[in-house]
Participant: 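If you scroll down you'll find the structure; I have some questions about it.
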Amino acid sequence: MSKLHILGVDLAKRTFAACGTCNKGCVIFRKKLTRSQFQKMLSDLPPCIVAMEACSSAHHWGRMARAAGHDVRLIPPLYVKPFVKRHKNDAIDAEAIAEAASRPSIRTVAVKDEDQQAQAVLFRTRELFVRQRTQLINAVRAHLAEYGIILPQQRRNGHAFASRCRTELDAAPSEVINIVHAYLRQIESVDTEVAAFDVKIKKGALRNGKARRMQTMPGIGPMTARAVQAFCPPTENFRKGQDFAAWLGLVPRQHSTGGKDRLGRITKMGQRDVRKLLIIGAMSVISASERKGHCDDPWLARMLMRRPRMLVAVALANRMARRLWAMLAEGCDYDIRAAA
């Protein structure tokens with residue numbers, strides 16, 4: 001154990017596979033551990049590099065390993081796959097994780113603390129409830145369309161949809177009316193929960209200094225500001241704003257060869273929630289400039305004259321991501337004159 005340099009761990013629900021290697025990359029031991037045995041092993045081992053795939057429960061075990069004095073490296077599964085030899089099982093996966101962690105250029109995922117993960121759970125739960133509300137509303141509209149009752153699309157306000165639906169239920173049979181009332185009760189319940197989550201996110205954005213700073217940029221609201229804090233690693237993990245934009249998947253996909261640059265659509269390889277919110281915020285900035293009849297940003301005005309709106313929105317989202325990184329790294333508010 002004194003020669004142990006990297007401990008590669010293949011995580012699971014109950015049974016973990018561990019592979020220990022020395023500083024030369026040779027395998028010292030392979031073990032099959034339960035959850036309690038793995039927890040005891042982390043406390044008994046001398047300080048070393050503990051490498052795991054960035055998957056479910058990885059951040060929990062990363063915090064435990066860090067508390068035991070180890071250096072934790074969470075590696076995306078996409079970067080581990082090339083090191084898997086021939087067949088696939090837990091022991092081979094653990095060895096591949098240890099070999100990937102030994103590469104100096106391998107990219108790792110920052111370990112999240114409990115508060116950051118709690119914010120991520122809040123966003124995920126709100127998104128799930130919004131999808132469920134949309135499904136319930138669409139189901140009611142489809143059922144009532146069979147009886148000639150056509151209701152408008154309305155996904156953001158469940159209470160408004162329920163009140164509109166109750167006024168037009170007379171043409172349906174009594175049994176269908178009872179079923180639709182059950183739908184409407186569920187829609188109003190989910191709508192109340194979504195509204196409570198929105199209030200919680202807005203209050204959190206008001207209390208947090210970094211979130212208030214991010215909201216000084218046009219197109220960034222409480223939802224986007226808190227999503228950046230919930231899902232994105234610290235700014236110190238990126239050398240520059242372009243790296244942050246690339247991590248979000250807002251840069252063109254490359255297929256270059258022979259000195260020829262071939263750029264395609266954006267990679268969409270990074271964090272989906274933040275990327276989606278940035279593009280929505282960019283579209284709101286473009287819509288506001290069109291309503292006003294003039295644009296404060298000269299770059300945006302030139303782009304809108306030459307390119308389609310959606311392409312400009314994605315380019316503006318990339319620009320917003322780079323500016324967000326600069327604002328957080330330097331601790332300054334947004335300045336339209338400096339940006340222009």
Participant: So do R126 and I201 actually touch side chain to side chain, heavy atoms under 4.5 Å?
Facilitator: yes

Participant: Would a 4.5 Å heavy-atom cut-off, applied to side chains only, mark L206 and K203 as touching?
Facilitator: no

Participant: Quick test of your reading of the model: are K202 and D198 salt-bridged, counting only N-O distances below 4.0 Å?
Facilitator: no

Participant: Quick one about D115 and Q117 (side-chain donor to acceptor, distance below 3.5 Å, no hydrogens or angles considered), yes or no?
Facilitator: no

Participant: Strictly below 4.0 Å, N to O, side chains only: are R63 and D113 in salt-bridge contact?
Facilitator: no

Participant: When hydrophobic residues are tied together by side-chain contacts of less than 4.5 Å, even through go-betweens, does F38 share a cluster with M64?
Facilitator: yes

Participant: If two hydrophobic side chains count as joined below 4.5 Å and joins carry through other members, does I6 share a cluster with V50?
Facilitator: no

Participant: Without swapping roles, check the side chain of Q116 against the backbone of V111 for a donor-acceptor pair under 3.5 Å.
Facilitator: no

Participant: Could you walk me through whether L45 and L7 pass the side-chain contact (heavy atoms from CB on, under 4.5 Å) check?
Facilitator: CA-CA 10 Å; L45 283 177; L7 178 67; 3.6 Å; yes

Participant: Evaluate the salt bridge (Lys or Arg N to Asp or Glu O under 4.0 Å) criterion for residues D297 and R323: first the C-alpha distance (whole Å), next the side-chain angles of each, then the deciding distance (0.1 Å), finally the verdict.
Facilitator: CA-CA 14 Å; D297 190 345; R323 289 174 177 174; 3.7 Å; yes

Participant: Check this for me: R166, atom CZ, are more than 12 non-hydrogen atoms of other residues, nucleotides or ligands nearer than 6.0 Å?
Facilitator: yes

Participant: Determine whether more than 12 heavy atoms belonging to other residues, nucleotides or ligands lie under 6.0 Å from atom CE of M269.
Facilitator: no

Participant: Heavy-atom count check: over 12 atoms from other residues, nucleotides or ligands less than 6.0 Å from K260 NZ?
Facilitator: no

Participant: A quick test of your reading: do over 12 heavy atoms of other residues, nucleotides or ligands sit less than 6.0 Å from NE2 of H294?
Facilitator: yes

Participant: Hey, can you tell me if Y183 and H143 have their rings parallel, tilted or perpendicular (30° and 60° cut-offs)?
Facilitator: tilted

Participant: I'd like to know whether CZ of R262 has more than 12 heavy-atom contacts from other residues, nucleotides or ligands below 6.0 angstrom.
Facilitator: yes

Participant: Is there a side-chain contact between R141 and F161 (heavy atoms, below 4.5 Å)?
Facilitator: yes

Participant: Determine the interplanar angle of the F129 and F197 rings, folded into 0 to 90°, and report it as parallel if under 30°, tilted if 30 to 60°, perpendicular if over 60°.
Facilitator: tilted

Participant: Honestly, is K31 close enough over F29, meaning NZ or CZ under 6.0 Å from the six-membered ring centre and within 45° of the axis?
Facilitator: yes

Participant: Quick one: name the residues clustered hydrophobically with V199, using the 4.5 Å side-chain heavy-atom rule over I, L, V, M, F, W, Y, and just say none if it's on its own.
Facilitator: none

Participant: Check the pair K32 / F16 against side-chain contact (heavy atoms from CB on, under 4.5 Å), numbers first and verdict last.
Facilitator: CA-CA 6 Å; K32 201 172 182 180; F16 302 161; over 6 Å; no

Participant: Would a 4.5 Å heavy-atom cut-off, applied to side chains only, mark D296 and K292 as touching?
Facilitator: yes

Participant: Is a side-chain donor or acceptor of R73 paired with a backbone partner of A51 at a separation under 3.5 angstrom?
Facilitator: no

Participant: Show which residues join V84 in its hydrophobic cluster (side-chain heavy-atom contacts under 4.5 Å, direct or indirect), or state none.
Facilitator: I92

Participant: Given 3.5 Å as the limit, does a donor-acceptor pair link the side chain of H70 with the main chain of L42, or not?
Facilitator: yes

Participant: Please step through side chain to side chain donor-acceptor pair (under 3.5 Å) for the pair R322 and N318, ending with a clear verdict.
Facilitator: CA-CA 6 Å; R322 288 184 278 133; N318 180 297; 2.8 Å; yes

Participant: Hey, are K200 and E193 close enough for a salt bridge, meaning a charged N less than 4.0 Å from a carboxylate O?
Facilitator: no

Participant: Ignoring hydrogens and geometry, is there a side-chain-to-backbone donor-acceptor pair from S287 to S284 under 3.5 Å?
Facilitator: no

Participant: Are Q229 and Q119 close enough that some pair of their side-chain heavy atoms sits under 4.5 Å apart?
Facilitator: no

Participant: Going through the distances and angles, do E127 and R272 end up as a salt bridge (Lys or Arg N to Asp or Glu O under 4.0 Å)?
Facilitator: CA-CA 12 Å; E127 185 180 3; R272 179 177 58 87; 3.5 Å; yes

Participant: If you group Ile, Leu, Val, Met, Phe, Trp and Tyr by side-chain heavy-atom gaps below 4.5 Å, do I266 and W325 land in one group?
Facilitator: yes

Participant: With a 3.5 Å distance limit and no angle check, can you tell me whether T216 reaches the backbone of R212 through a side-chain donor-acceptor pair?
Facilitator: no

Participant: Apply side-chain contact (heavy atoms from CB on, under 4.5 Å) to residues R265 and R253 and explain how you reach the verdict.
Facilitator: CA-CA 6 Å; R265 299 182 178 182; R253 185 187 299 274; 5.9 Å; no

Participant: I'd like to know if R30 pairs up with E95 as an ion pair, taking the criterion as any Lys NZ or Arg NE/NH1/NH2 lying under 4.0 Å from an Asp or Glu carboxylate oxygen.
Facilitator: yes

Participant: Give a yes or no on whether a salt bridge exists between R213 and E330, defined as a side-chain N under 4.0 angstrom from a carboxylate O.
Facilitator: no

Participant: Given side chains that start at C-beta, do those of I280 and M283 come closer than 4.5 Å, heavy atoms only?
Facilitator: no

Participant: So which heavy atom on C165 is nearest to which on L144, and how close?
Facilitator: SG-CD1, 3.6 Å

Participant: Taking the basic N atoms (NZ, or NE/NH1/NH2) and the acidic carboxylate oxygens, is any pair closer than 4.0 Å for R124 and D273?
Facilitator: yes

Participant: Just do the side-chain contact (heavy atoms from CB on, under 4.5 Å) check on T21 and I28 with the steps written out, would you?
Facilitator: CA-CA 5 Å; T21 60; I28 301 174; 5.7 Å; no

Participant: Any side-chain to backbone donor/acceptor pair from R35 onto K13? Under 3.5 Å, distance only.
Facilitator: yes

Participant: Might you point out which heavy atoms bring E290 and R309 nearest each other, and give the distance in Å?
Facilitator: OE2-NE, 3.0 Å

Participant: Could R185 and D191 be called an ion pair, given the rule that one side-chain N must be under 4.0 Å from one carboxylate O?
Facilitator: no

